[in-house]
Structures are given as C-alpha cells and as structure tokens.
Amino acid sequence: MNKKIEIMSYSPSSPILCKSPRVTVVGAGRVGSTLAQRIAEKNLADVVLLDIVEGMPQGLALDLLEARGLELHNRQISGTNNYADTANSNIVVITAGFPRKPGMSRDDLLKINAKIVVDAAKNAIAHSPHAIFIVVTNPLDVMTYLTWQATNLPRNQVMGMAGVLDSARFETFIALELGVLPADVKAMVLGSHGDLMVPLARYATVNGIPITELLDAATIERLVERTRNGGAEIVELMHTGGAFFAPASATSLMVESILLNQSRLLPVAAYLQGEYGLNDIVIGVPCRLGCGGIENILELTLSDEEKTALQTSANSVRQNIQRAQEILSVTQ
Ligand SMILES: NC(=O)C1=CN([C@@H]2O[C@H](COP(=O)(O)OP(=O)(O)OC[C@H]3O[C@@H](n4cnc5c(N)ncnc54)[C@H](O)[C@@H]3O)[C@@H](O)[C@H]2O)C=CC1
Ligand SMILES: O=C([O-])CC(=O)C(=O)O
C-alpha cells in the first residue's frame, strides 16, 4: 500500500510556525555559553554565540548542537566571530568582557570592560536594529547605561540582568535558613549590582508569609549581608572568574519573559526618567518584561531607610557613569 503523508500547517505564509526567534549572545565565556545552553534546552530560540576568540564559539556551538538529540530540542546554535552572522536577532545579550578576581570589586572592571561593551553594542545594533538588549557584563548598571547610549534605542529595549540573580540568592539563603523549598520563597533586590544593592527584606515571603514573621532581625540582617556579598563569596571560592550557572539561569528567565510575552514582574536594571525620584541613570527596579522589553516600571512605596539606600546606591552608579564617560573619551 502506498500511503501518501500529507504535510499540514507548514507553509511560507505561516511565519509564526516557520520562523524561530533568534538570540545572540556576545561573549561565549562561562556565562555566555551556559546561557546559550539554557536558551536552547528550554526550547526558547535559536542561538548565535559570538566571541573574539577564533574557533571557540564555533566549537561550543557544535558541542551544543551534538546534544540536541539527547536533550530533545531542535534549536539551531551557531558560533561566529563576525557580527554579520548575528543579523536580525530579536534579543542580544552582552556577556563579553572580563570577570573580576578575588579582592576586586565589580567597579574595578569599569576601565577594562567599558570599551568592550560599547563596541559590542554598536556592532550588534548595526545588524539587529530592532533587537532588545540585555547586558550582563560588570559593572552591570554602568555597562547597561553605556549600551543604552551606544545603541540609541528607546529605554524599554535596553536592560541589565542583576536583580533576578541577587533576588535568587536572597531566596536561596532564606530557604536554607528555614529549611523550606526555594521555589516557595519570593524576594526582591533593588538598586545597583554591587555592595550597595538594596534587598527588600520587608517584601520577602515564604508562600505569602513575610519573613519578618519567621526570622528575627539579626538573622535577616545576616542573610541580607550574605546576599550583598553573594558574587564575591563565589569569586573568593573559585579564584578564577565568578558565578555563571545562576547568572545564566537568571538571564534566561528574562529572555523567556520577553520571548513568551509573559509580563513577569522582575527586578531589572532599567534607565530611569523620574521613577523613584531618579533621572538619567540605570539601576535595578521592578519591571514587567514582555515582548516589547520593559513594559512598565513599578514604583513601590519605600520606607525612608529603603529610599536612602536606593539613593546611596544611585549616587555610586552615577559617579561610575561619569568615570566611564571620561575613560571612553580618552580611548576613542
Ligand atoms: N550581571 C551579573 O549578575 C553578572 C555579571 N557577570 C559578568 O559577566 C562578564 C562575563 O563573565 P564570564 O562569562 O564569567 O567571563 P569569561 O571570561 O568566562 O567570558 C567572557 C568572554 O568574553 C569574551 N570577550 C572579551 N572581549 C570581547 C569582545 N570584544 N567581543 C566579544 N567577546 C569578547 C572573552 O573572549 C570571553 O570568552 C563579566 O564581566 C562578569 O563580571 C558575571 C556573572 C553575573
Ligand atoms: O560577582 C561577580 O563578579 C559576578 C557577579 O556579578 C555575580 O556573581 O553577582
């Protein structure tokens, strides 16, 4: 019997069925390559990995491709050293640049990473003029500001990943302390991605119960301090480079919320125009992320102490933006 199989649904006039979204990850190091893996294995998008090191992104892409049958997804993954190959990406994630070493602060990376990030942003936007940019490179808030400037995109299309990671750390430490499931803990960390970040203990809950009902003030303060020091704790343990598994997970959550238009309310480093009384600065605030990028910024009512902490955090970012502009004006 010669049965003919009719192929239904796939036709060039069905672009939604035929075209996969595309995410470019600039910097195929530890965060970038782990992020590429997460995006592909969550079946979110095709991924282009770009790095300056010749052969490295190509090798990583081939390795990830060879796992497709085992991980049961069919996303395309390619590696390149050429921005032309990133054309028409829906999202560009910038992880290119140097990680810190033990004893360094994230701000110590300002000089070495500023030009790398500006160049990456300019090259990427030239080939993907409608993309949404997510910055990961440190110092995070300043690098996000520079990317917003370099791309000249509307502010909803440029954001930084930090708060999702810092919140996940805070949630982890609360869960460990109480012996509860991490997924049952919800917390939000605002402010800059540095020692002056602002974990909002008042808003942290375990399945709706405020942690202030479950833990004493001294314990909460200890967990807040561990969160502020979360990146450095791993850098000190690892000696070379820093965290990358949780940073990649946090970034892929943002990518997912955008690509699937989930409108998740997440702490995101965003360009502010008056929100929280702050202007012309990038800092972590609660944002809804959907297919247009940042859909809106939620202005929480903060206590006087929290307001002061956010202001102090912003002052430090502002000084570093100024420093970055001076560094770039010399190197250009
Ligand atoms: N925002 C956050 O929460 C986090 C930020 N980070 C930051 O992310 C950055 C990357 O960290 P890792 O992946 O651990 O570092 P890594 O050293 O493993 O990877 C960085 C990659 O960038 C590439 N690169 C350097 N210059 C480039 C250029 N001009 N164009 C394209 N690629 C270039 C390098 O060749 C390398 O492969 C660091 O600045 C780190 O501090 C890391 C973790 C969390
Ligand atoms: O601490 C670092 O240098 C990397 C980072 O931003 C983090 O893990 O939070």
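Note that the coordinates shown come from a computational prediction; the quantities given were computed from them, not determined experimentally. Heavy-atom basis, side chains included; hydrogens, waters and symmetry copies ignored.
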Handout entry: Expected output: side-chain S263 to main-chain R288 donor-acceptor under 3.5 Å
Key = no
Problem - Check: T86 and V92 side chains under 4.5 Å, non-hydrogen atoms - result: no
Practice task
Rounded to the nearest 0.5 Å, what's the gap from CD on E221 to CG on D216? Could you check?
Solution key: 11.5 Å
Practice task
Start with the C-alpha distance between L44 and L260, add both sets of side-chain angles, then the distance that settles side chain to side chain contact (heavy atoms under 4.5 Å, CB included), and finish with yes or no.
Solution key: CA-CA 8 Å; L44 291 174; L260 304 186; 4.2 Å; yes
Problem - Nearest heavy atoms of F170 and A187, plus distance in Å - result: CD2-CB, 3.6 Å
Problem - same_hphob_cluster(I132, Y145) at 4.5 Å side-chain heavy-atom cutoff - result: yes
Handout entry: For L165 against A246, the heavy-atom pair lying closest together
Key = CD1-CB, 3.6 Å
Problem - 4.5 Å side-chain heavy-atom contact, L328 and L146 - result: yes
Practice task
Carefully, step by step, assess Q311 and N315 under the rule side chain to side chain donor-acceptor pair (under 3.5 Å).
Solution key: CA-CA 6 Å; Q311 186 64 55; N315 290 345; 3.2 Å; yes
Exercise for the section: Measure from the side-chain N and O atoms of D184 to the backbone N and O of V206, and report whether any donor-acceptor pair falls under 3.5 Å. Expected result: no
Exercise for the section: Assess whether atom CG of N229 is packed by more than 12 heavy atoms of other residues, nucleotides or ligands within 6.0 Å. Expected result: yes
Problem - Single-linkage hydrophobic cluster L109~M143, side-chain heavy atoms < 4.5 angstrom - result: no
Exercise for the section: Answer yes if I209 and M188 sit in the same cluster of Ile, Leu, Val, Met, Phe, Trp and Tyr residues linked by side chain heavy atoms under 4.5 Å apart, and no otherwise. Expected result: no
Practice task
Determine, for F173 and R226, whether the Lys NZ or Arg CZ falls below 6.0 Å from the six-membered ring centre while staying within 45 degrees of the axis.
Solution key: yes
Fill in the blank from the handout: side-chain contact (heavy atoms from CB on, under 4.5 Å) with T137: of I116, V31, T147, I94, only one passes, and it is I94
Handout entry: Step-by-step side chain to side chain contact (heavy atoms under 4.5 Å, CB included) determination, R106 to L140
Key = CA-CA 8 Å; R106 294 180 182 91; L140 188 274; over 6 Å; no
Fill in the blank from the handout: All heavy atoms of V142 vs all of V317, minimum pair found to be CG2-O, 4.2 Å
Problem - Pairwise side-chain contact, N156 with E295, heavy-atom cut-off 4.5 Å (strictly under) - result: no
Problem - Enclosure of K186 NZ (heavy-atom neighbours >12, cutoff 6.0 Å) - result: yes
Problem - F98, CZ: over 12 other non-hydrogen atoms inside 6.0 angstrom - result: no
Problem - Shared hydrophobic cluster, M159 / I125 (ILVMFWY, side-chain heavy atoms < 4.5 Å) - result: yes
Practice task
Measure the shortest side-chain to side-chain distance between K42 and S252 over non-hydrogen atoms and say whether it is less than 4.5 angstrom.
Solution key: yes
Completion exercise
Taken to the nearest 0.5 Å, the spacing of I91 CD1 from S128 OG works out to 11.0 Å
Exercise for the section: Please examine the side chains of I294 and L289, heavy atoms only from C-beta on, and report whether any two atoms are closer than 4.5 Å. Expected result: yes
Practice task
Answer yes or no: is there a donor N or O on one side and an acceptor on the other, between the side chain of E275 and the main chain of Q273, under 3.5 Å?
Solution key: yes
Practice task
For the pair T205 (side chain) and P210 (backbone), establish whether a donor and an acceptor sit closer than 3.5 Å, ignoring hydrogens and angles.
Solution key: no
Handout entry: Closest non-hydrogen atom pair, R75 against P21
Key = NH1-CD, 4.0 Å
Problem - Any donor-acceptor N or O pair under 3.5 Å, side chains S192, D141 - result: no
Practice task
Over 60° means perpendicular and under 30° means parallel, so classify the ring planes of H127 and Y83, tilted if in between.
Solution key: parallel
Handout entry: S257 side chain to L253 backbone, donor-acceptor under 3.5 Å
Key = no
Exercise for the section: Give the C-alpha distance, both sets of side-chain angles, the deciding distance and a yes or no for side chain to side chain donor-acceptor pair (under 3.5 Å) between R323 and N320. Expected result: CA-CA 5 Å; R323 270 183 63 211; N320 282 318; 3.0 Å; yes
Handout entry: Salt-bridge present (E225, R228; N to O < 4.0 Å)
Key = yes
Practice task
Output yes when a side-chain donor or acceptor of T34 lies under 3.5 Å from a complementary backbone atom of F245, and no otherwise.
Solution key: no
Practice task
Answer yes or no: is there a side-chain heavy-atom contact under 4.5 Å between L50 and D85?
Solution key: no
Exercise for the section: Give a yes or no answer on whether the side chain of N90 reaches the backbone of R22 with a donor-acceptor pair at less than 3.5 Å. Expected result: yes
Handout entry: Linked, directly or transitively: V268 and V189 (ILVMFWY side chains, under 4.5 Å)
Key = no
Practice task
For T95 and V26, indicate whether the former's side chain and the latter's backbone hold a donor-acceptor pair under 3.5 Å.
Solution key: yes
Exercise for the section: Answer yes or no: is there a side-chain heavy-atom contact under 4.5 Å between Y276 and E299? Expected result: yes
Problem - More than 12 heavy atoms from other groups under 6.0 Å of CZ on R264 - result: no
Practice task
Check whether any side-chain N or O of E256 sits under 3.5 Å from a backbone N or O of N261 as a donor-acceptor pair, and report yes or no.
Solution key: no
Exercise for the section: Would you mind reporting whether H193 and D166 have side-chain heavy atoms less than 4.5 Å apart? Expected result: yes
Quick one: side chains of residues 56-63, donor-acceptor pairs under 3.5 Å with protein atoms, not counting sequence neighbours, listed by atom name and distance.
unit_1, atom_1, unit_2, atom_2, d
Q58, OE1, G55, N, 3.1
Q58, NE2, N81, OD1, 2.9

Practice task
Report the C-alpha distance between S105 and R100 in whole Å, list the side-chain angles of each, state the deciding distance to 0.1 Å, and finish with yes or no for side chain to side chain donor-acceptor pair (under 3.5 Å).
Solution key: CA-CA 7 Å; S105 82; R100 62 176 158 159; over 6 Å; no
